[in-house]
Amino acid sequence: MRLVEIISVLGTLGLSLAILVPLAGTLVRFRAHYNPKGLQLDSEGDVQPHTGPVVSSFFGMLRRVHRIEGWPGLYKGLMPTLCSTLVITFFLMIFLSDSNLRNGKYSAPDAGVVGMLFYSIFAMLVSLPQVIITNRAITTPHKLPYLNAIYSLRVLLTPTERQKPWILYLTPGLLAVQVAHIAYVVLGLRSIRQLLLPELANAGMPRTEEISPVKFTIFLVIALLSTVILAPLEVIAIRISIQRNHAAPEFNSISQEEDGDAQEATEYAGADEDVIGLRTEREPYIGLVDCAKRIVEEEGWSALYRAWWLTTLGSLGGAFS
């Protein structure tokens, strides 16, 4: 691969990150934001009004991040995203042919539905720690340095997680929600597409006369309705991924630490207030179903469908890719 092509690939990569990182960070914060109903009961059973920030839209969250934390806040999570993207890019540059890279072609191995399912689950397992660290880097109120990974990890991970990194995979409900999302997309959407529109699986764009309008419409409606299932799974995945694991006598094994971890991080990203509210660390979610149930009870059904339209766009893009 020539130097000019490498520079072109890296330039395209940089431009993509410059656009996508703020949008992805806003989405993570919007879905992670804890916004309970107006009145709640405290530990003694007394009614207490909610006093945290109320953010009701994706673009409202985008403006709030910029207002409180400025441009650095919009680019929280840049470094873990950049590192993972560079690793993938260099891997593709090494193992893929020059013609594929020039044409921007890469696809998962064609091994049928079951093979695709296992391939997707394997890819998820490899990337899961990076997803957890990125989501926590985005939602933490602390200001993280770009070039001090050790310091940032001490802020984002508990001592237990740093000593036993594999415990990240044991975060209650996280693997379940990730596998459920993958299974629905691969076994559900892709299988239905293969049944109704097998022409889309062939290389190149199929001719219009090859596609049945009725079958295309049916599949389009199914892809749109998939938002009802996929959006809650994506919200739950973010909520659980930012829930840290800790084991100590005064905490259960899934409760977040309230003292000790972030004492070194004395500088906050927001001068006067936090961008989002986070749920109390004393009552963590204990699984996928528990997380969904508590979100509905505490914040209402609408919390499970934050930025649902982005999920719809993703479903359509993934279904026809």
Side-chain angles (χ1 to χ4, degrees), residues 1 3 5-32 65 69-96 100-101 104 106-108 119-171 174-175 178 181-182 234 237-238 240-245 261-262 264-265 267 269 275 314:
M1 196 175 193
L3 179 61
E5 294 173 341
I6 295 177
I7 295 176
S8 176
V9 170
L10 294 179
T12 303
L13 174 63
L15 179 61
S16 300
L17 290 177
I19 297 173
L20 295 177
V21 167
L23 298 178
T26 299
L27 179 62
V28 170
R29 294 209 211 206
F30 183 44
R31 288 176 166 174
V65 173
E69 297 184 355
W71 287 102
L74 289 173
Y75 282 93
K76 270 188 170 182
L78 171 63
M79 293 311 293
T81 302
L82 176 62
C83 291
S84 63
T85 304
L86 286 176
V87 169
I88 294 174
T89 301
F90 286 128
F91 175 84
L92 296 179
M93 292 170 64
I94 293 172
F95 292 100
L96 290 187
N100 283 341
L101 287 174
Y106 173 73
S107 60
Y119 173 83
S120 300
I121 291 176
F122 174 76
M124 177 272 294
L125 292 174
V126 172
S127 63
L128 191 60
Q130 179 265 330
V131 171
I132 293 174
I133 291 173
T134 301
N135 288 348
R136 293 184 185 181
I138 292 170
T139 57
T140 181
H142 299 293
K143 186 175 183 179
L144 301 177
Y146 286 106
L147 301 178
N148 192 340
I150 300 300
Y151 174 87
S152 298
L153 290 176
R154 289 185 64 84
V155 174
L156 301 175
L157 303 177
T158 65
T160 300
E161 291 171 334
R162 296 196 299 269
Q163 295 169 9
K164 304 175 181 179
W166 60 86
I167 204 172
L168 293 174
Y169 289 96
L170 303 181
T171 303
L174 187 55
L175 283 180
Q178 295 284 3
H181 190 284
I182 291 172
E234 293 173 3
I238 290 175
I240 294 178
S241 69
I242 64 175
Q243 180 171 282
R244 303 190 300 167
N245 299 275
D261 281 328
E264 300 176 13
E267 187 175 4
V275 174

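On a predicted model such as this, the values are computed, not experimentally measured, just so you know. No hydrogens, no waters, no symmetry mates; every other heavy atom, side chains included, goes into these values.
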Completion exercise
Scanning both residues in full, the closest heavy-atom pair of Pro145 with Tyr151 reads CD-CD2, 3.4 Å
Handout entry: Straight-line distance of Met124 CE to Tyr119 OH, nearest 0.5 Å
Key = 13.5 Å
Problem - Whether Tyr75 side chain and Ala18 backbone form a donor-acceptor pair below 3.5 Å - result: yes
Exercise for the section: Determine whether Tyr146 and Ser152 make a side-chain contact, defined as any pair of heavy atoms from C-beta on separated by less than 4.5 Å. Expected result: no
Exercise for the section: Would you mind checking if Glu161 and Arg154 are paired as a salt bridge, meaning a charged N to carboxylate O distance below 4.0 Å? Expected result: no
Problem - Rounded distance (nearest 0.5 Å) linking atom CG of Leu144 with atom CE of Met79 - result: 11.5 Å
Handout entry: From CZ (Phe122) to CD1 (Ile182), nearest 0.5 Å
Key = 12.0 Å
Handout entry: Partners passing ring pair (Phe, Tyr, Trp, His ring centres under 6.0 Å) against Trp71 (at least two apart in sequence or in another chain)
Key = His66
Fill in the blank from the handout: Thr160 and Asn245 have their tightest heavy-atom pair at CB-O, 4.1 Å
Practice task
Without swapping roles, check the side chain of Thr134 against the backbone of Gln130 for a donor-acceptor pair under 3.5 Å.
Solution key: yes
Handout entry: Considering all heavy atoms, the nearest Leu125-Tyr169 contact
Key = O-OH, 2.6 Å
Handout entry: Between CG on residue Leu10 and OG1 on residue Thr85, distance to nearest 0.5 Å
Key = 11.5 Å
Handout entry: N/O donor-acceptor pair under 3.5 Å between Arg29 side chain and Thr139 backbone
Key = no
Problem - 4.5 Å side-chain heavy-atom contact, Ile19 and Leu17 - result: no
Practice task
State whether the side chain of Ser84 and the backbone N or O of Thr81 hold a donor-acceptor pair below 3.5 Å, judged by distance alone.
Solution key: yes
Practice task
Check whether any side-chain heavy atom of Val65 sits under 4.5 Å from a side-chain heavy atom of Lys76, and report yes or no.
Solution key: no
Completion exercise
Quick note, salt bridge (Lys or Arg N to Asp or Glu O under 4.0 Å) partners involving residues 82-91, not counting sequence neighbours, are none
Handout entry: Closest approach of Gly77 to Ile138 (non-hydrogen atoms, all atoms of both residues)
Key = CA-CG1, 4.0 Å
Fill in the blank from the handout: When every non-hydrogen atom of Leu168 is compared with those of Leu174, the smallest separation belongs to O-CD2, 4.2 Å
Practice task
Find the distance between CZ (Arg162) and CD1 (Ile150) and round it off to the nearest 0.5 Å.
Solution key: 10.0 Å
Practice task
Evaluate side chain to side chain contact (heavy atoms under 4.5 Å, CB included) for Leu156 paired with Arg244, printing each intermediate quantity in order.
Solution key: CA-CA 8 Å; Leu156 301 175; Arg244 303 190 300 167; over 6 Å; no
Problem - Distance-only donor-acceptor check, side chains Asn135 and Ser241, under 3.5 Å - result: yes
Handout entry: Salt-bridge contact Lys143-Glu69 (side-chain N to carboxylate O under 4.0 Å)
Key = no
Practice task
Give the minimum heavy-atom separation between Pro80 and Ile133, together with the two atoms involved.
Solution key: CB-CG2, 4.4 Å
Fill in the blank from the handout: To the nearest 0.5 Å, atom CG of Leu20 lies from atom CG of Leu13 at 10.0 Å
